[in-house]
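Just so you know, these numbers use all the heavy atoms, side chains as well, and skip hydrogens, waters and symmetry mates.
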Amino acid sequence: MKPGQQLHVVNQLYPYTVQFKEDPTGSHGGSKRPRESASEDRENQREAQKTKAAKQTEKVSVPVSHGDATNTSEGVGHWSQGLKTSMQDPKMQVYKDDKVVVIKDKYPKARYHWLVLPWQSIPSLKALREEHCDLVKHMQQVADQMVEQCPDASSLRFRTGYHAIPSMSHVHLHVISQDFDSPCLKNKKHWNSFTTDYFIESHDLFQMLEANGRVTVKEGASELLKLPLRCHVCRKDIPTIPALKEHLKSHFPR
DNA sequence: GTTCTAGAAC
DNA sequence: GTTCTAGAAC
């Protein structure tokens, strides 16, 4: 059993992430370039599942929800913890090294939309300290690498940054192309979370962390999500989401 | 974070 | 009447 491996008790219904107090460096094989998937990790995971499955006896428990902490409140299994599960899934991993992993956003809001996540568990921006500076900088470098290897990097603009108040737990850096051409972009909150100051540029966050040892989010950031819809290219106000999507076609033809 | 849908807006 | 938004989800 290695740090970061997953243990599925009862038919994948209750994923557990094994963590150690001291994460020995180099526990994850590093590679500088994005790759398809890690076959060795998949093997290891299968082994872990097999071992656990063998220990199970005949009495198969029923997947019925009771009022316990398993699927209520904000514990494991809650939707807000979904990134922790996704980042461990080799099928979702687009790149990984000893410090971070990159996955595709499950509901991409543009033609290209990745998330860079540290292996180290950092619940939110509030938990960031000066000692995370190197990690944050590395996340930014990996984000830049993702853009470099994108086939449309020359024709599309990209931004990399953090949501001021993310819905999902575990610090994650968005790498998103600026076409916003996606059926998953559906409402004002989606739009404003990437096109207003709700979106904190990676570089700005790093500078804040370096200067203050903390990241502070302006109060009232959540109000930014309610701003009128405005085109991020020509600054034109657009009345509705469908009209905005139609408008974007003029800036980003297929 | 998403889905669903009541009722506001047109 | 249809389109679209915005709030609940136990």
Side-chain angles (χ1 to χ4, degrees), chain A residues 6 12-17 62-89 91-94 100-118 121-128 139 143 146 159-177 180-200 202 205 215 217 220-232 236-249:
Chain A
Q6 246 184 45
Q12 318 229 8
L13 281 169
Y14 309 107
Y16 284 87
T17 300
V62 189
V64 170
S65 73
H66 302 293
D68 57 68
T70 305
N71 45 25
T72 52
S73 190
E74 312 240 318
V76 178
H78 189 262
W79 59 262
S80 66
Q81 307 300 309
L83 288 179
K84 288 183 177 58
T85 309
S86 294
M87 66 186 279
Q88 304 289 344
D89 183 353
K91 291 189 290 296
M92 308 281 271
Q93 297 165 347
V94 177
V100 303
V101 60
V102 181
I103 60 175
K104 282 183 170 183
D105 193 293
K106 193 176 177 184
Y107 298 91
K109 303 302 186 294
R111 292 174 196 166
Y112 299 95
H113 188 181
W114 297 286
L115 303 178
V116 183
L117 305 112
S121 178
I122 305 172
S124 76
L125 299 184
K126 283 198 183 81
L128 285 175
M139 288 170 70
M146 295 309 297
R159 288 186 76 200
T160 58
Y162 301 81
H163 280 157
I165 308 166
S167 300
M168 306 290 275
S169 183
H170 203 111
V171 164
H172 53 285
L173 173 61
H174 290 270
V175 183
I176 185 166
S177 58
F180 296 109
D181 174 14
S182 166
C184 297
L185 195 150
K186 294 178 174 176
N187 56 48
K188 180 177 275 190
K189 179 173 176 175
H190 291 156
W191 179 255
N192 284 331
S193 72
F194 288 103
T195 60
T196 69
D197 286 343
Y198 192 89
F199 190 82
I200 305 170
S202 175
L205 181 131
V215 174
V217 172
S222 61
E223 299 306 305
L224 296 171
L225 298 175
K226 297 172 184 170
L227 288 172
L229 299 172
R230 173 168 288 177
C231 175
H232 65 314
K236 186 179 192 288
D237 280 334
I238 314 285
T240 67
I241 287 289
L244 174 61
K245 283 174 164 276
E246 197 58 35
H247 174 82
L248 288 174
K249 288 181 182 175

Closest listed nucleotide, where the reference is the side chain of A/Leu229 and the choices are C/dA6, C/dT5, B/dT2: C/dT5

Nearest-angstrom distance from the residue atom CG of A/Asn192 to P of C/dA6: 11 Å

Touch class at under 4.0 angstrom, heavy-atom based, for A/Lys106 against every strand present: nothing

OP1 or OP2 of B/dT2 under 4.0 Å from side-chain N/O of A/Lys109: yes

Touch class at under 4.0 angstrom, heavy-atom based, for A/Pro242 against every strand present: sugar-phosphate

Sugar-phosphate, base or nothing in reach of A/Ile241, heavy atoms under 4.0 Å: sugar-phosphate

Nearest-angstrom distance from the residue atom NZ of A/Lys245 to P of C/dT3: 17 Å

Pairing pattern in dot-bracket form [Watson-Crick, G-U; both distances under 3.5 Å; | = partner strand] for DNA chain B: .|||||||||

Nearest-angstrom distance from the residue atom CZ of A/Phe194 to P of B/dG1: 7 Å

Between P of B/dG1 and CG of A/Leu83, the distance in whole Å: 10 Å

For atom NZ of A/Lys188 and atom P of B/dT2, their distance in whole Å: 18 Å

Atom-to-atom span, CG of A/Leu244 to C1' of C/dT3 - whole angstrom: 16 Å

Closest to the A/Lys186 side chain, choosing from B/dT3, C/dT5, B/dG1: B/dT3

Test item: A/Tyr112 side-chain N/O and A/Val175 main-chain N/O as donor-acceptor pair under 3.5 Å: no

Aromatic plane relationship, A/Trp191 with A/His232 - under 30° parallel, 30 to 60° tilted, over 60° perpendicular: perpendicular

Sugar-phosphate, base or nothing in reach of A/Thr240, heavy atoms under 4.0 Å: sugar-phosphate

Whether A/His113 and A/His174 hold their rings parallel, tilted or perpendicular, with breakpoints at 30° and 60°: tilted

Rounded interatomic separation in angstrom, taking CG from A/Leu185 and C1' from B/dG1: 14 Å

Aromatic ring proximity A/Tyr107/A/His190, centre distance under 6.0 Å: no

Non-hydrogen side-chain atoms of A/Leu173 and A/Leu205 separated by less than 4.5 Å: no

Interatomic distance where CH2 belongs to A/Trp79 and P belongs to B/dT3 [whole Å]: 13 Å

Phosphate OP1/OP2 of B/dG1 contacted by A/Lys189 side-chain N/O (<4.0 Å): yes

Sugar-phosphate, base or nothing in reach of A/His190, heavy atoms under 4.0 Å: sugar-phosphate

Heavy-atom check, side chain of A/Ile103 versus side chain of A/Asp89, under 4.5 Å: no

Test item: A/Gln93 side-chain N/O and A/Met87 main-chain N/O as donor-acceptor pair under 3.5 Å: yes

